Amino acid sequence: SNYTEKKKNALEVMKRAAEFFTENLFNSPDAEFAREYLKKRSITEEVIRKYGLGYAPKGFDDLQKHLNTDISFLETAGLVTKRENEKGYTDKFRNRLTIPVKDENGNVVAFGARALTDKQNPKYLNSPDTILYNKSKILYGFDTAKEAIRDYDSVLICEGYFDAISLQTGGVTNAVASCGTALTQDHIRLIAKYCESRRIYLAFDTDNAGQMATERSADLIKEAFSGLGDIKQFDSCYAAGGDNYSCEIRV
């Protein structure tokens, strides 16, 4: 069908874009700042390759030129934006550090892209929702964490891409990130598929926004499981409920 064909083409250009960005990160003189940033965060070449990190070049159509394919494929994948009042398209990600977001099967479906200069806004630019990507259904790092989530029967949810990468690299292999999106029922369903006891650890930033996100997420998780029995909640001094838990939340 047309839909399947569109999806296949979009997945193909995403994969090729990710490879192009990684190639640039290692070889482009413009990527020096990106390389420095990763070094500061103790991110090695091995980790860069494992997570497919990259650098989107500065030019407004470098990606289009490199991929050299039907522009509609790139538009479907969310890699270009239409220029206002004139013909043509601009690459969506430019002069940014790129982080491919993968679905649970490891296909690249989106990018998060971090600004490299103070003038660039926003600090993180993310792919729009597309035929491949729905941010309310995907957790960053899930593809590399799902086996550990199953093995440990628990999941740790943090905020940012690099939090998840650092945690997974440092041995907390069941960590995933919500990447600035509020947790959703779909996220919880995805977790529940791999995590029978639904032990969920929330590890958001300690700033105000992070604390608010923690409260919101805890409420959402409770709501998601409310029909299934008591919910065990832990904070510094208290555990609530009987022994028949549908879910366990820790912060």
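Sequence positions, counted from 1, serve as the residue numbers for this chain. FYI, side chains are in, hydrogens and waters are out, and symmetry mates aren't considered; it's all heavy atoms of this structure. All of these numbers come straight from a predicted model, not from anything done at the bench.
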With sequence neighbours excluded, residues passing salt bridge (Lys or Arg N to Asp or Glu O under 4.0 Å) with D219
K222

May I ask you to check whether T144 and Q168 show a side-chain donor-acceptor distance below 3.5 Å?
yes

Enumerate the residue pairs fulfilling salt bridge (Lys or Arg N to Asp or Glu O under 4.0 Å) with a member in residues 32-41, sequence neighbours excluded, ordered by first and then second residue.
E32-R35, E36-K39

Y152: which other cluster members, linking ILVMFWY side chains closer than 4.5 Å, directly or transitively?
none

Enumerate the salt bridge (Lys or Arg N to Asp or Glu O under 4.0 Å) contacts for residues 96-114, please, sequence neighbours excluded, ordered by first and then second residue.
E104-K193

Acceptor/donor pairs from residues 53-62 side chains to any protein atom, 3.5 angstrom cut, sequence neighbours excluded:
residue : atom : partner : partner atom : Å
Y55     : OH   : N95     : OD1          : 2.8
D61     : OD1  : K65     : NZ           : 3.1
D62     : OD2  : G59     : N            : 3.4

What residue pairs, at least two apart or across chains, pass salt bridge (Lys or Arg N to Asp or Glu O under 4.0 Å) with a residue in residues 166-175?
none

S28 side, atom OG; E23 side, atom CD - distance, nearest 0.5 Å:
10.5 Å

Hits for side-chain contact (heavy atoms from CB on, under 4.5 Å) against E84, two or more places apart or cross-chain, chain-then-number order -> none

All side-chain contact (heavy atoms from CB on, under 4.5 Å) counterparts of A192, not counting sequence neighbours:
R198

Salt-bridged, E19 to K15, with N to O below 4.0 Å?
yes

Using the salt bridge (Lys or Arg N to Asp or Glu O under 4.0 Å) rule, collect all pairs that involve residues 162-188, keeping only residues at least two apart or in two chains.
K137-D186, D186-R189

Among residues at least two apart in sequence or on other chains, which ones pass ring pair (Phe, Tyr, Trp, His ring centres under 6.0 Å) with Y124?
Y161

N/O donor-acceptor pair under 3.5 Å between R83 side chain and Y89 backbone:
yes

T81 side-chain N/O to K92 backbone N/O, donor-acceptor pair under 3.5 Å
no

Ring pair (Phe, Tyr, Trp, His ring centres under 6.0 Å) partners of F20, counting only residues at least two apart
H66

Sequence-distant partners of R150, salt bridge (Lys or Arg N to Asp or Glu O under 4.0 Å), two or more places apart
E147

Under a 3.5 Å distance rule, please check whether D91 uses its side chain to pair with a backbone N or O of F93 as donor and acceptor.
no

